[in-house]
J.: 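Please read through the structure below; I'll follow up with questions.
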There are 2 protein chains.
Amino acid sequence: MDRDSVVASLLRRLETVSKLDPADIAAIRSLPIAVRHWAGARAIVSDGERPSECCLIVEGFCIRSKTTEAGQRQILSIHIPGDIPDLQSLHLHRMDHDLSTLVPSTLGFISHASLRTLTHARPNVADALWRDTLIDAAIFREWIVNVGQRPAPARLAHIVLELRERLLAIRGGAEPATFEFPLTQEQIGEALGITPVHANRIIRLLREDGIVDVSRGQVHVLDETRLAELAQFDDRYLHQDPAA
Amino acid sequence: MDRDSVVASLLRRLETVSKLDPADIAAIRSLPIAVRHWAGARAIVSDGERPSECCLIVEGFCIRSKTTEAGQRQILSIHIPGDIPDLQSLHLHRMDHDLSTLVPSTLGFISHASLRTLTHARPNVADALWRDTLIDAAIFREWIVNVGQRPAPARLAHIVLELRERLLAIRGGAEPATFEFPLTQEQIGEALGITPVHANRIIRLLREDGIVDVSRGQVHVLDETRLAELAQFDDRYLHQDPAA
DNA sequence: TCCTATCCTTAACCTTTGTTTGGAACCGGC
DNA sequence: GCCGGTTCCAAACAAAGGTTAAGGATAGGA
């Protein structure tokens, strides 16, 4: 993985979401990034730590999660290449949740110091990164709605369509009928706020109903129309258009 | 309500959360703020709109909420004086949720233009406001956990303790046994992701158990220890210490 | 004062989700 | 090829929460 393609994954993401001029892009390109490989299902930063760098996902999938005193885990977000899932640590110094890989991943680490220098020198870049963290928050809001208001099958449908939409934004092309979704049923349950047994029930249900097949780390959309109807998915909250 | 005390509510909040130097404070003081009074239960900005100003709560209580196609409403956050609940609209131009008052409130409106000038001129202030939006996101994360993992009585206990903690941060003093909580039972249900009938059930339960009494827009803590135990409340996610 | 809204309260019943448990399939390491 | 762990699948039962419905309290307005 060469340097150029590492920065490219970040720029592709930022540019789908913000407008940057050539000088901003040049400044981002000159950021020092330390690339490291990570195994799957490993912690990157943990609750309570005080990281001194942020983590760019170059390749792979990561999740953020929180574990209650009672030992129950809630997955808060799923992250894909181009995301900086712990960008908030730039200003929130102590982690209030965990960040970990789902699958073997390539990560790029950028020091807080160099990010702070960059954002202070280039307010436009600061705005773009700020906006990125605000989109993160917009997705959290939608997840509160998902977990709070929708019945379990609709929750799964919604999360699946959100991930597809976000993958589309960084990869381009048409809406694929099949795509990666590297969560076990237990993790799906943790993301939806249900038990693994119930996750299994609704996955089976959606498969038997010919709506969507979630299995072996993949999603196969079987009936586009009924899936959309079930999920009530409206991509406005992803704020993918820099002009809007 | 004179100008000084309007800015003071903002500064008190920002200073519990970030470190500002005198020049930053002076710059914030010189922000043009238009003060207006709002009735209770009225929209301030609505889903889909493109506001050109942000709203500072000087006095009163506000909520943010989202309504699904099916017509169910989820309350996303509760806001108190000193908060700028729609600060995200500075970079996320189209609203993806509603902001409204709970009770008659005094609001200060600050134009995006003047905020953008300020943040570009003073990176420190930009960082403080950015941090504020990140704390907002940290609270969303905790709400996902609340709604996703905790049983209904614990959800109510948690939300009640969160609000008390945040009121304490802007008002000072000791933890009060009684404080305002101006939500109807229907709204409590909307915040917890349960029906009003079930909200009533658990409110009664907590009252009969001598843990906490939530009624007529007020909270009376009856048993501090058992309430804390039920809520599993840990204030770290509020990030109230600028040094940490 | 009464009228009307809204809110709170309660009960009976139903649906979804959790719990417990056990077995089958799969996978990497030896 | 076997073994131990994980993942997936499934059924029976229990509990939490949703639905429907209706009466009672409270507060503001005519």
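So that the names make sense, note that chain A is the first sequence line, chain B the second, and so on, each numbered from 1.
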J.: Would you work out how much the helix from C:dC8-D:dG23 to C:dC30-D:dG1 bends between its ends, with each end axis defined by five base pairs, to 10 degrees?
T.: 50°

J.: Are A:R236 and B:D47 within salt-bridge range, i.e. N to O under 4.0 Å?
T.: yes

J.: Using a strict cut-off of less than 4.0 Å between a Lys/Arg side-chain nitrogen and an Asp/Glu carboxylate oxygen, indicate whether B:R166 and B:D83 qualify as a salt bridge.
T.: yes

J.: Is a salt bridge present between A:R150 and A:E142, judged by a nitrogen-to-oxygen distance below 4.0 Å?
T.: yes

J.: Among residues 147-164 of chain B, which ones have heavy-atom contacts with DNA chain D below 4.0 Å?
T.: B:P151, B:A152

J.: Considering only NZ, NE, NH1 and NH2 on the basic side and carboxylate oxygens on the acidic side, decide whether A:E53 and A:R36 come within less than 4.0 Å.
T.: yes

J.: Strictly below 4.0 Å, N to O, side chains only: are A:E180 and A:R164 in salt-bridge contact?
T.: no

J.: Identify the nucleotide, in any strand shown, that forms a Watson-Crick or G-U wobble pair with D:dA27, with both distances under 3.5 Å; if there is none, say none.
T.: C:dT4

J.: Evaluate the ring planes of B:W38 and B:F109, with Trp represented by its six-membered ring, and classify them as parallel (under 30°), tilted (30 to 60°) or perpendicular (over 60°).
T.: tilted

J.: In whole angstrom, give the distance that lies between atom CD of A:Q72 and atom C1' of D:dA16.
T.: 14 Å

J.: Suppose we screen for side-chain hydrogen bond (donor to acceptor under 3.5 Å, both in side chains). Which residues come up paired with A:R201, at least two apart in sequence or across chains?
T.: A:H198

J.: What are the residues of residues 179-194 of chain A, sorted by number, that bring a heavy atom to within less than 4.0 Å of DNA chain D?
T.: A:T184, A:Q185

J.: Would A:S215 and A:D213 satisfy side-chain hydrogen bond (donor to acceptor under 3.5 Å, both in side chains), going step by step from the backbone distance to the final call?
T.: CA-CA 6 Å; A:S215 55; A:D213 180 10; 3.2 Å; yes

J.: Listed by chain and number, what are the side-chain contact (heavy atoms from CB on, under 4.5 Å) partners of A:A70, not counting sequence neighbours?
T.: A:T68, A:Q72, B:Q232

J.: Which residues in residues 195-215 of chain A have a heavy atom closer than 4.0 Å to any atom of DNA chain D?
T.: A:V197, A:N200, A:R201, A:R204, A:R207

